[in-house]
Amino acid sequence: MSTEDRPAAPRSLAEALRGRDDVSLGALLRSRPDLITPVPTDLTQLATRAGTRASVVRALERLDRFTLQTAEALAVAADPAAYDELLGLMAGDDADPAVAQALPHALGVLREQALVWGGDDRLRLVRTARELLAPSPQHPSPTGLGPTVQEATAGMSPGRIQEIVTAAGLPSTHDSVSAVTSLTELFTDRRRMAALLAEAPADSLDVLERLVWGPPYGQVTADPAPRLRWLLDRGLLLPTAPGTVVLPREVALHLRRGLAHRTPEPVPPAVEAAAVHHPQVVDSTAAGQAYTALATVEELLKDWDEGGPAVLRAGGLSVRDLKRTAVALDVPEPVAAFWVELAYAAGLIAPDGEADERYAATPAYDEWLELPAAERWSGLVTAWLPVTRTPGLVGGRDAKDRTLSALGPGLDRSAAPEVRHRVLALLAGLPEGAAPAAESVLARLRWERPLRGAQREDDLRGRLAEWALSEAEMLGVTGRGALSAHGRALLGAPAAPAKGPEAESSGPGDKLPVHHRPTHVPTLSPAEQAVASAAAARLLTPLLPEPLDHVLLQADLTAVAPGPLRRPLADMLGVLADVESKGGATVYRFTPGSVRRALDAGQSASDLHAFLAAHSRTPVPQPLTYLIDDVARRHGHLRVGAASAYVRCDDDAVLNEILADKRATGLGLRRLAPTVLAAQSDPAGLLEGLRAMGFAPAAESAEGDVLITRAHAHRTPPRTAPEPVPDGPPVPDDTLLAAALRAIRAGDLASTTPRKPGTAPEDNGELPRTGSAETLATMQAAVLTGEALWIGYVNAEGAASQRVIAPIRVEGGFVTAYDHTADEVRTYPLHRITGVAELADDAG
């Protein structure tokens, strides 16, 4: 291609964007969605927005380590820099082949995200990125490099510069500029620089070695030591402030053999397998965890069925209520916080909205209970994947030093879903049954999103990754640390990589490296996630134990449930007996109190005998039959009502026994009739007092009927699950992206279309200004000739814009025209058109 045919190099980022096609611009807007919030009017505004500090910082934070190292190297290179210079800074004098292979992709990412523009011969880092990454005394460069010779000598006297040039063995010059250039050429010449350093004393070289990888600044006294004086005389150290010296960038690069970074990292660290298990073992273990997760959530909601803990004034659970919940679930408090937050995220619990606000189950909980076990599990995990609330923060402190409470404010972390998805994607990239080493997962995540500045002190992404691994295990997405088959289906991930020879394991404890790049796992849309969840539920269903319809009654007044029970049986047994132990088999114990609880719920002795006989695979033990009959015989023998309270009984001997019992003193009993005692305490207190004395009284109504006490389920009004807090603007879908590109292109056409000389203001962003008569005449002429016009337009909200239109007709104070900016026919009021200008003959 001749020089005349070669396209001119862009002079600005806006010109570089103008040369892109729609595919390239679409990739930019997908990678940096903040650029189209709102949609820019043209490419110049898009370029301006892409160079703002907030947007550039956001883009830099999303670069992987090697791409960020490439940007950092460009920040210390010449502006503009050639590709070969950048390659030298990244690969060094030894020309690392891995770096040379990876650099084009990293540079392509920077170009795609509009952080770098220009051809390979004139690479430019956007100004804001250079300001953020270039070295300065206040903000040291991540490369550890200092200022150039030219920058470090900017305030130095000409005489001192000439002294340095002479001491370095260079001829003196007539001016400081040529002297600095001569010194820079010396420091960048490998052969001459090596000869100069060969003359240096050994202790002087030790000083350089301490500064070479940064920080490049050091302190000196007013009378430097000889080893420092030798370096200062030759410009190998340059003063920047009184008592401070710096190692010039060119000298450091020579000592580093051209490397901008001590350790370039072109290849991401491999995720290593700590152990490899049989896939069936992983799936079975994960299924067991999934069943435990369902049982735990059900137990939590059953505990809160009649109304849970009170809502704190500031929102959330109190520390005492969280401890109480942890004891009820028999788990540590951090784990209890996770289950509570998961139920909240799934929309199963919420505040009830009453004056004395409490947490309670939602109507969705009753619907959830009716689903098959695998579908209940997929509902929980589908709610867990996108949630931004982070239970691992519970118990910590917020920015105002307030304690963060479960279900309270301040727990949302917008990065949580992305980290969770990425961790599971890394697991999906391992062979089936491979459980990763947690540290290798964290190392990979730190490469993909390097820690910068304050992030190094608070490694939130690292903590989020650790919590994601433990939560996935508790939920049964993983088993023994490896991703299960139903967990893989939940992500919509492809089949696991084949296990190579290096992954063969002689035992589950073998630690084996697995070197490969993880399979790409896409982020699913809501519809795709529903399909994936259904597939995961189908895979999990055969792995979950079938609910049983029987128990094993034993002579020691216990019943053993050898597996999960069907809901009606479990509910009834939960009333009739107390849970003594849990595990693979649940042990229930029958006590007088538990039997009385069943009788209070409206069951009769014959009902209980029939229930046990129907659901026991063993004969009903005689001690259990006697216990039920004995409690039933005494149940309701005494009647308690409101007097404040009274006790009546047909057997006056029983009342005599009560009056003679010292434990009845606090009840304030007195005899009203041979079969009636009055009490000063209320009916509920009288019931409890008599039961504590070993009697089995029953409450009665004002009409004398026995009151049947049942558990009243308390439900909140319909509630929706909490919405995740987005991590910045969402990635635009194809429809929005196409509309945005069309609007930007059209706006750019309106702003850059050539105008006829003398018909428009200078190209300074101003709208054309013409009188109403001239505007009308120009419009009418354009209708006859079919020419396009450039107009300024102000809409009803007062927003001004430039447009290119082809008028079709002008009537009634309106112009109907084909709007090239909107790519459609529109009608505009003439009074809102600020002015009109004709386009140049060669426009467009």
Side-chain angles (χ1 to χ4, degrees), residues 7-64 67-75 77 79-81 86 104-120 122-134 139 449-450 452-453 726-734 736-752 763-765 799 801-802 821:
R11 295 171 299 173
S12 65
L13 177 58
E15 285 192 13
L17 294 179
R18 205 161 278 129
R20 292 192 182 192
D21 57 21
D22 284 355
V23 174
S24 178
L25 276 180
L28 166 63
L29 299 181
R30 280 195 180 92
S31 62
R32 297 176 66 179
D34 57 299
L35 298 183
I36 57 170
T37 309
V39 177
T41 57
D42 53 33
L43 289 171
T44 300
Q45 189 178 90
L46 176 64
T48 302
R49 195 176 296 173
T52 59
R53 183 180 180 87
S55 183
V56 170
V57 168
R58 183 179 177 82
L60 292 176
E61 288 177 347
R62 281 159 174 72
L63 299 177
D64 63 58
T67 306
L68 182 60
Q69 286 181 330
T70 303
E72 292 165 352
L74 272 173
D79 185 26
L86 175 63
H105 173 74
L107 187 59
V109 171
L110 293 173
R111 275 196 175 116
E112 176 186 286
Q113 299 197 19
L115 295 172
V116 169
W117 57 278
D120 283 354
R122 294 179 64 83
L123 295 172
R124 290 186 182 273
L125 193 64
V126 294
R127 181 175 54 83
T128 307
R130 178 172 288 274
E131 291 171 356
L132 290 168
L133 300 177
H139 304 285
R449 293 285 176 85
R452 301 179 66 241
D727 184 17
V731 176
D733 57 23
D734 292 341
L736 174 59
L737 195 62
L741 286 173
R742 210 172 89 190
I744 294 171
R745 291 286 193 197
D748 202 57
L749 172 66
S751 63
T752 59
D763 188 11
N764 55 6
S801 61
Q802 303 177 53
T821 308

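Scored by the salt bridge (charged side-chain N to carboxylate O under 4.0 Å, His left out) test, R49 finds no partners at all (sequence neighbours excluded). Residues forming a salt bridge (charged side-chain N to carboxylate O under 4.0 Å, His left out) with R30 (at least two apart in sequence, or on another chain): D734. With sequence neighbours excluded, the residues forming a side-chain hydrogen bond (donor to acceptor under 3.5 Å, both in side chains) with S55 are R32, D34, listed by chain and number. Residues satisfying the salt bridge (charged side-chain N to carboxylate O under 4.0 Å, His left out) test with R20, not counting sequence neighbours, are none. Every residue was checked against the side-chain hydrogen bond (donor to acceptor under 3.5 Å, both in side chains) condition with D21, not counting sequence neighbours, and none meets it. Contacts of R58 classified as side-chain hydrogen bond (donor to acceptor under 3.5 Å, both in side chains), with partners at least two apart in sequence or in another chain: none.
With a 4.5 Å cut-off on side-chain heavy atoms, L737 and P732 count as touching. With a 4.5 Å cut-off on side-chain heavy atoms, L110 and L63 count as touching.
Using a 4.0 Å cut-off between charged nitrogen and carboxylate oxygen, D120 and R111 count as a salt-bridge pair.
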From CA spacing to verdict: side chain to side chain contact (heavy atoms under 4.5 Å, CB included), T128, T52: CA-CA 7 Å; T128 307; T52 59; over 6 Å; no
Does R745 form a side chain to side chain contact (heavy atoms under 4.5 Å, CB included) with L25? I'd like the steps, not just the answer. CA-CA 10 Å; R745 291 286 193 197; L25 276 180; 3.4 Å; yes
Verify side chain to side chain contact (heavy atoms under 4.5 Å, CB included) between L60 and L132, making sure each step is shown before the conclusion. CA-CA 10 Å; L60 292 176; L132 290 168; 4.0 Å; yes
For D64 and R449: C-alpha separation, side-chain torsions, deciding distance, then whether salt bridge (Lys or Arg N to Asp or Glu O under 4.0 Å) applies. CA-CA 5 Å; D64 63 58; R449 293 285 176 85; over 6 Å; no
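Distance check: E131 CD to R53 CZ gives 8.0 Å after rounding to the nearest 0.5 Å.
The nearest pair of heavy atoms linking P10 to A16 is CB-N, 3.7 Å. Residues A106 and T67 share a closest heavy-atom pair of O-CG2, 3.7 Å. Between L28 and A114, the closest heavy-atom pair is CD1-CB, 3.8 Å. Nearest heavy atoms, L107 versus L86: CD1-CD2, 4.2 Å. In this structure, T37 and P729 approach most closely via the heavy-atom pair OG1-CB, 3.7 Å.
Exactly one residue among T70, L123, L13 makes a side chain to side chain contact (heavy atoms under 4.5 Å, CB included) with V116. That residue is L123.
Remark: the backbone N or O of G108 is not paired with any side-chain donor or acceptor of E112 at under 3.5 angstrom. With hydrogens and angles disregarded, a donor-acceptor distance shorter than 3.5 Å links the side chain of S31 to the backbone of A27.
A donor-acceptor contact under 3.5 angstrom links the side chains of T44 and R18, judged on distance only.
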